[in-house]
Amino acid sequence: MVNLSPAVAEEMGLRSRQTTSGVVVTEVSRNTPAGQTGLQRGDIILDVNGTRIDTTRALDRLVRNGNTRSWRFSVERGGQVIRTQRFGG
């Protein structure tokens, strides 16, 4: 995962997006929490459990300090915002 920037957007072919900040998913393995959540390469993570995510650091801090068994992600995929959820630690 990397911070969204114009260079990253161009490199990954992310076009027609209105999002200017977030974290871009660069790789997902099936048996990881990200894969089980339904995240895909190129998704832009906008918020997690209602908390805006602007940087990889903010995402890491939220996940490490999160005391929840339910994770709700809002991501931009293909120009549309979708929501996905994962239960468990």
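In this chain, numbering begins with 1 at the start of the sequence shown. None of these values were measured; they are calculated from a predicted model.
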Side-chain donor or acceptor of Thr84 paired with backbone N/O of Thr37 under 3.5 Å: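 A pair under 3.5 Å: yes.
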
If you measure from [atom1] on [X] to [atom2] on [Y], what distance do you get to the nearest 0.5 Å?
X	Y	atom1	atom2	value
Trp71	Leu62	CH2	CG	5.0 Å
Ile44	Ile53	CD1	CD1	14.0 Å
Thr51	Arg72	OG1	CZ	9.0 Å
Asn49	Ser74	CG	OG	9.5 Å

Least distance between heavy atoms, Thr55 atom then Asn3 atom: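 Looking at all heavy atoms of both residues, the closest pair is CA-OD1, 3.1 Å.
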
Could you pull out the closest heavy-atom pair between Met1 and Leu59, with the gap in Å?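 Shortest heavy-atom separation between Met1 and Leu59 comes out as SD-CD2, 3.5 Å.
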
Does some side-chain heavy atom of Arg41 sit less than 4.5 Å from a side-chain heavy atom of Thr26? no

When you compare the side chain of Val75 with that of Asp47, does any pair of heavy atoms fall below 4.5 Å?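 The answer is no; the side chains never approach within 4.5 Å.
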
Under 3.5 Å, is there a donor-acceptor pair linking the side chains of Gln85 and Ser70?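 Their side chains do contain a donor-acceptor pair, which is all the 3.5 Å distance test asks for.
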
Polar side chain donor-acceptor pair, Asp54 to Ser21, under 3.5 angstrom: yes

Would you please test Gln40 and Val25 for side-chain contact (heavy atoms from CB on, under 4.5 Å) and show each step? CA-CA 7 Å; Gln40 299 177 9; Val25 177; over 6 Å; no

Could you pull out all residues at least two apart from Arg64 that satisfy salt bridge (charged side-chain N to carboxylate O under 4.0 Å, His left out)?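 Salt bridge (charged side-chain N to carboxylate O under 4.0 Å, His left out) list for Arg64, sorted by chain: Asp60.
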
Would you mind checking if Arg77 and Asp43 are paired as a salt bridge, meaning a charged N to carboxylate O distance below 4.0 Å? yes

